[in-house]
Amino acid sequence: MSLPRPVSDTLIELLKPVACELGERLGASAVNERYAEIEPSGSSALNQQIKKDPRWIKAQVRYLQRQQAREQELIEIAGAEEEWVKQERANRIKAEEVRDKRAMSRLCRELMREFQSEAIRVKLSEIQTIWDRDNWFSNLSRQETEQILQQQQHRLLLLVAPAKISQDCPDSFRHNLNIELPGKLRAFLNQHYPQHGDLCPVQFYGDYFKKSISDIDVERLQTVLSPVPTAILYSDISDYEVNFHVGFWGIINQSVSLVAMQPWNWEEVYHQLEAEGKDEKRSLRIIRQIIVTIHKLLAAFLADLYYLNIDFTHEPQLFNLEAEFAQEWFSKDWALPYMETLKEIQEQQRITYKGEMRRLALREAKARAERKRLEEVELKRRQEETAASVRAKELAHKFKNLKWRCVYTLPGHSSFVNSLAISPDGKILASGSWDKTIKLWNLETAELIGTLTGHSDRVNSVAISSDGKMLVSGSSDETIKFWNLHSGDLLCTFPGHSMEVNSVAINPKRQVIASCGGDNTIKLWNLRSGELLRTLMGHSDNVNAVVFSPDGKILASGSSDATSKVWDVESGKLLRTLSGLNVGVNSVAIAPDGQILASVSNDYTIKLRNLHTGSLLRILNTNSAKGKGVANLGMNEALHILQNYVSRGDSVAISGDGLTLASGCDDNTINIWNLQTGELLSALKGHSGTVYSVAIAPSGNILVSGSADETIKIWRCD
C-alpha cells in the first residue's frame with residue numbers, strides 16, 4: 001500500500017538534496033585527503049598507507065595475475081560449441097572474481113585496523129583525562145566506549161541517538177518512537193550490514209546515548225572516537241516538523257562533517273492522511289514508520305558510501321533493498337538520488353581502479369622482464385662455474401658418497417618437486433609439485449601408485465597423518481585439501497589463506513593441522529572437521545614453514561621476516577622469537593627428542609637451537625666467506641662453523657634416531673650431517689636442479705629428495 005502522491009512527492013523533494021551533500025562532503029571525510037591522493041588523476045579507494053604496504057602490493061599483483069588469467073579464459077570460452085559449457089565456465093569465473101574481491105576487501109580492512117592501532121592506543125590512554133574534563137561524558141558508558149575502541153575488526157560504527165521530542169507532540173510519538181527507532185534500525189542493519197559480515201560490516205548501537213544530543217555533542221564524542229569511522233543519526237521533533245541530522249568522521253581525519261536535512265512538516269502529512277480517511281492512530285503510526293524508514297535509508301547510504309570510499313570492490317547493498325523498503329510505505333523514487341550518488345562514486349572508483357591496474361600491469365611486465373634477464377645471467381654463471389669445478393668436486397666427494405647411493409630416479413612430475421612426505425610405516429611416499437599434482441609412490445619398489453589432481457596452482461606442501469590414513473596438501477591456489485592416502489579420494493577442500501599456502505603440518509598427538517602462507521599468518525585447524533581453531537599473527541612477511549614438536553605441544557615457524565617463532569599449540573601464545581642474521585628462514589625441523597630446532601636460512605647456514613630456551617647450539621655452515629658474519633655471537637654459544645659450503649640450503653629433515661640431518665641445497669646436492677657433532681658426512685650429487693625437499697624414512701637408511709629438475713631420487717645407505 002502506497003502513500004498519497006502529494007506525501008510521496010514531498011518526501012522525494014526532502015530527501016534528494018541531502019544525497020548530493022552527503023556524497024560530496026562525506027566522500028572527502030571517509031579518508032583524510034593527505035592520505036587519499038594516490039595519482040594526480042583522482043582520489044584513491046584506499047588509504048595511502050595501505051597502498052604502500054608490501055602485503056597490499058603483493059595481493060594486488062596476485063589479484064592482477066588471476067584477473068588476467070580469467071580474462072584469457074573468457075576469450076577461450078567464446079569458442080566453445082555448447083552453450084551450457086560456456087555458461088558453466090562463465091559462472092565459475094564470476095564466482096572466482098567475487099572470491100578474489102572479497103579477499104581483497106578483508107585484507108584492506110585488516111590493514112586499516114592495523115594502521116589504526118597506535119591512534120587507538122593513544123585514545124585509550126587519554127580517555128580518563130577526557131572523561132574528567134567534560135561532564136557531558138557522564139551521560140555515556142565508558143566501558144562501552146572502551147569496547148568500541150578495542151574492537152579488533154575494522155568496521156563502520158553507526159550510532160542513533162534518542163529523538164528530541166517536544167512535549168507538545170502527540171503521546172504516540174513520545175511513548176513509541178524511541179522504542180521503535182533503535183529496534184527496527186538494529187534489525188535492518190543486522191540483516192543487511194551485519195557486524196561480522198564479509199561485505200560491509202556495521203557495528204550498531206541504539207542505546208549508546210542515554211538522552212538526545214546536538215551538534216556540539218557529536219564534536220565532543222569525536223575527541224574520543226576519532227580513530228573509529230563513525231556515523232551518528234539524530235533528530236528533533238516539534239509539534240509540526242522533524243529535523244534529521246547526520247554527524248560523520250572517517251579514518252585519521254580530525255574534522256567532523258555535520259549535515260542537516262530540510263525540516264519535514266509531518267503535521268501537513270498527518271492532515272493529508274486524515275483526508276484519505278485514515279484515523280488518528282493509523283496516521284501517526286504511518287508517520288512514525290516514515291521517520292524510521294528515513295533513518296534506515298540514511299544508515300544504508302552512509303554504510304555503502306563509506307565502504308565505496310575505502311574499497312574499490314564494494315557493491316552497494318542499497319541497490320538490493322527496494323523490496324525491503326516497499327513494505328514500509330516506501331516509494332522507490334525516494335532512494336533514487338541516493339542510488340545515483342552511489343553509482344557516480346562507484347564509477348569514479350572503477351575508473352581510478354582501472355588506471356591503477358594498468359600501471360600495475362606495466363610495472364609487473366617490466367619486473368618480469370628484469371627477473372628473466374637476471375635468471376639468464378645467473379644460469380649462465382652457474383653453468384660456467386659448474387663446468388669449471390665439476391671435475392674437482394667429483395674427485396673431492398667421491399669417497400664421501402660411497403656410503404649413500406641412488407637406487408631409483410622417479411621422473412613422473414612435469415615441474416619442480418618441492419614437497420615430500422613418507423608414511424609412518426615407510427611404505428608410501430607422497431610428492432607435491434609445481435605441476436599442480438600430488439603423486440603417491442611405493443617407496444620399496446619405486447612404482448607409481450596414483451596421481452591426485454584437484455589443486456589449480458602449484459602444490460607447495462604435503463603431510464601425512466601419524467596413523468598413515470590421511471594426506472593433507474597446501475597450494476598456491478590458497479586452499480588446503482584433505483585426501484584418503486590409500487584410496488586417493490579427495491575428502492574435503494577449504495580456503496586456507498588470503499594468499500598462497502606455503503606449508504602444512506599435522507600434529508602427531510592431536511587432531512590439529514597447521515598451515516602458513518603468504519598472508520604472514522599461521523592457522524590451526526581441526527583435522528577432522530576442517531574448523532578454523534585460531535590464527536597466529538606475529539610474522540611480518542611470508543611464513544614459509546611450520547612443524548610440530550613430537551609431543552604435539554609446540555609449533556615452530558620460519559618466515560621471510562628473518563625470524564623463527566615458537567608457539568604454544570593449546571593457547572596459541574607466542575613463546576619466543578628467534579632472530580639471527582637479516583635473512584629469511586626457508587625450512588624448519590624438530591629433532592625426535594623435542595630438544596633441537598633446526599632452521600635453514602638464506603645466509604648459507606643451518607642453525608641448531610634449543611627448542612625450549614632458544615639458545616644457539618651450533619651453526620652448520622660450509623662457506624667460510626658467508627660464515628664470517630656469525631663470529632661475534634660469543635664463545636659460550638657453542639658455535640660450530642664448518643667450511644666448504646657452496647650455496648644456501650632450501651630444506652631440512654632429521655632422521656628418526658636423531659643422529660643425522662639431511663639438507664637440500666640450491667647447488668643441486670643433499671648434505672648429510674652428524675647432528676651431534678656438526679660434521680659433514682656426505683654430499684649427495686645427482687640432481688640437475690635445486691633440491692627443494694628432503695625426507696628420511698623411519699628406518700633411517702632411506703632418503704628421498706625432490707628437485708627443480710622435476711625428478712625424485714631415492715637414496716639408500718648400505
Just by modelled atom types, is the [Y] backbone N or O under 3.5 Å from a matching donor or acceptor in the [X] side chain?
X	Y	answer
S419	V462	yes
W525	R534	no
S423	I428	yes
S601	V585	no
N507	I513	no
D477	S456	yes
S475	D457	yes
E710	A708	no
H154	E114	no
N526	E531	no

Looking only at the side chains, is there a donor atom on one of [X] and [Y] sitting less than 3.5 Å from an acceptor on the other?
X	Y	result
N460	S476	yes
S431	K439	no
Q203	Q153	no
S473	K481	no
T521	H539	no
N544	S560	yes
K523	T535	yes
H413	T711	no

Are the side chains of [Y] and [X] in contact, using a 4.5 Å heavy-atom criterion?
X	Y	answer
L429	I712	yes
F188	L321	yes
R528	M470	yes
R458	S415	no
Q60	M104	yes
F301	L342	yes

Quick check: closest heavy atoms across [X] and [Y], and the distance to 0.1 Å?
X	Y	value
S564	S599	OG-CB, 3.8 Å
S557	V543	CB-CG1, 4.1 Å
V588	V652	C-CG1, 4.1 Å

Distance under 6.0 Å and angle within 45° of the ring axis: does K58 meet both against Y63?
no
Whether H314 and Y307 hold their rings parallel, tilted or perpendicular, with breakpoints at 30° and 60°
tilted
Fit a plane to each ring of W434 and Y692, take the angle between them on a 0 to 90° scale, and name the class: parallel (under 30°), tilted (30 to 60°) or perpendicular (over 60°).
parallel
When you check the gap from the basic side-chain N to the acidic O, do K343 and E347 get nearer than 4.0 Å?
no
Looking at E71 and R66, is there a salt bridge between them, counting it only when a charged N and a carboxylate O are closer than 4.0 Å?
no
Looking at Q67, R62, R70, which one forms a side chain to side chain donor-acceptor pair (under 3.5 Å) with D100?
R70
F494-F482 aromatic ring centre distance below 6.0 Å
yes
Within this structure, what is the CG-CG distance for the pair L471 and D489, rounded to the nearest 0.5 Å?
12.0 Å
